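Source: prediction; values computed, not measured. Only this structure's heavy atoms are used, side chains among them; waters, hydrogens and symmetry mates stay out. So you know, we letter chains A, B, ... as the sequences are listed, proteins then strands, and number each from 1.
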Protein chains: 2
Amino acid sequence: MARIKSTENNSKREVIIKEASKLFKEKGFTATSMRDLAERVGVEAPSLYNHIQSKSELLKIICSNVGEKFAVKIAEVEQIEMPAIEKVEKLLRFHIQEMINYYEEEYVSGREWRYLKDPYLSEYREQRRNYRKRFTAIIQEGIDQKEIKKLDANTAVLILLNAITSIDQWHRIVHKVSSKELEENIVTILIEGLRNN
Amino acid sequence: MARIKSTENNSKREVIIKEASKLFKEKGFTATSMRDLAERVGVEAPSLYNHIQSKSELLKIICSNVGEKFAVKIAEVEQIEMPAIEKVEKLLRFHIQEMINYYEEEYVSGREWRYLKDPYLSEYREQRRNYRKRFTAIIQEGIDQKEIKKLDANTAVLILLNAITSIDQWHRIVHKVSSKELEENIVTILIEGLRNN
DNA sequence: CCTACCGATCGGTAGG
DNA sequence: CCTACCGATCGGTAGG
């Protein structure tokens, strides 16, 4: 009995988080009201608070789920023995796949994170900084090994990450070209842009 | 007398628009209140309405100023006789310079335009679509001429534009590397990524 | 899970 | 340009 109840509550909570991701993507975090969210979930606004603590908590959950995935991924890539430029390619492909498969969550964590409240805001900022720093180190390694052109590694990372993660028309392009073709297009432009010929 | 009054009003109006750009960039359009803006300008909130019609109008002015600049620029570039890939390069350099010199306005028009209200929202969407379409045509021309790699021109445009216009740390990078170096870094990555070797 | 309702804040107006 | 103030809407609570 308690077991079933708990399962029901968890799945309802997940529905709420999923709908929140969609709404925050569509309208933005600040412009989304808890009444909007309640309507999508099919309850009255106060009922949401039986499953979550606050609007703020929803944003925090979305952002830290995404942040966690990238922390795990970069740790994995760092450990593989391969040329730095191939590590960069692996990370880019991962970003593209995440955009294709979890578009709303990626979009929200990429563009709405600034509305996080302060213990979480600082944590998330630190997590992003850490990720970018490690990504930058991989690029710098590639430059030192002459696999990558001589350029400012910090700038390169910002260009690469923004090129992929801030596109707000995935649905449109994914319907025009296949997701495989999309991935190859992006990797071609960005990796060949970095590669030292 | 009337002349002086008019000049004063216009400059006050420009101060309001400038401060609004900064605030919309810092906090987002929806999260910025007219009281926030009034405080920056140094008046009480209702006094703002002697210079502007609505909060919405401020966003519209910022977005259409930026949109207009790009409409003029692409018309200019289309008329020059030069290889398509050099046209692309010209446009990229223009985007970078605009980001360096008018960061707040570019950021707001790039990321907060979706909060425009409906006659303006549709107009702005159309303007963006038109710009991207013409940019895509230049890339397609480059592909046909074998100056640019064979890839989906629509995807390429989105990658290029997002790579530059959605970076939210210009102030940080511009202080680390010179703006000339920054421009060369970005152009190197993106143009070499497109170029057919 | 709902109804009833709260204090705060919003964009904007009236009137001087 | 200000004071006074409006109706609407917000996130969230109490109580059942």
Let me know the distance between NE2 of B:His51 and P of C:dT13, rounded to the nearest Å.
-> 15 Å
Ion pair A:Arg93/A:Glu184, N-O distance below 4.0 Å | yes
Given that both pair distances must be under 3.5 Å and the pair must be Watson-Crick or G-U, what runs of three or more consecutive pairs involve DNA chain C?
-> C:1-16 with D:1-16
Find the distance A:Leu48:CG to C:dC1:C1' and express it as a whole number of Å.
-> 11 Å
Give one of base, sugar-phosphate or nothing for B:Ser54, where a contact means two heavy atoms less than 4.0 Å apart.
-> sugar-phosphate
Sidechain N-carboxylate O distance under 4.0 Å for B:Lys176, A:Asp152 = no
Atom CD1 of A:Ile16 and atom C1' of D:dG11: how far apart are they, to the nearest Å?
-> 15 Å
Spacing between A:Asp36 atom CG and D:dT9 atom P, to the nearest angstrom | 11 Å
Using whole Å, report how far CG of B:Asn50 lies from P of D:dC2.
-> 9 Å
Could you please name the option among C:dG11, D:dA14, D:dC1 that lies closest to any side-chain atom of B:Tyr49?
-> C:dG11
In whole Å, what is the span from the CZ atom of A:Arg35 to the C1' atom of C:dC1?
-> 16 Å
Using atom CD of B:Glu44 as one end and atom P of D:dA4 as the other, report the distance to the nearest whole Å.
-> 11 Å
Taking the side chain as every heavy atom from C-beta outward, state whether B:Leu116 and B:Cys63 have any pair of such atoms under 4.5 Å apart.
-> yes
Looking at A:Lys25 and A:Glu112, does any basic side-chain N land under 4.0 Å from a carboxylate oxygen?
-> no
Please determine, for the side chain of A:Ser33, which listed nucleotide (D:dC10, D:dC1, C:dC1) has the closest atom?
-> D:dC10
With a 4.0 Å cut-off on heavy atoms, is B:Thr30 in touch with a base, just the backbone sugar-phosphate, or nothing at all?
-> nothing
Let me see the working for B:Phe94 and B:Phe70 under ring-ring contact (aromatic ring centres under 6.0 Å, His included), right down to the final yes or no.
-> CA-CA 9 Å; B:Phe94 185 68; B:Phe70 283 101; 5.3 Å; yes
Where do A:Ile164 and A:Trp170 land on the side-chain contact (heavy atoms from CB on, under 4.5 Å) test, with the steps shown first?
-> CA-CA 10 Å; A:Ile164 297 172; A:Trp170 277 108; 4.3 Å; yes
Between atom NZ in B:Lys55 and atom C1' in C:dC10, what is the gap in whole Å?
-> 8 Å
From the candidates D:dC1, C:dC2, C:dG11, the one with an atom nearest any side-chain atom of B:Met34 is C:dG11
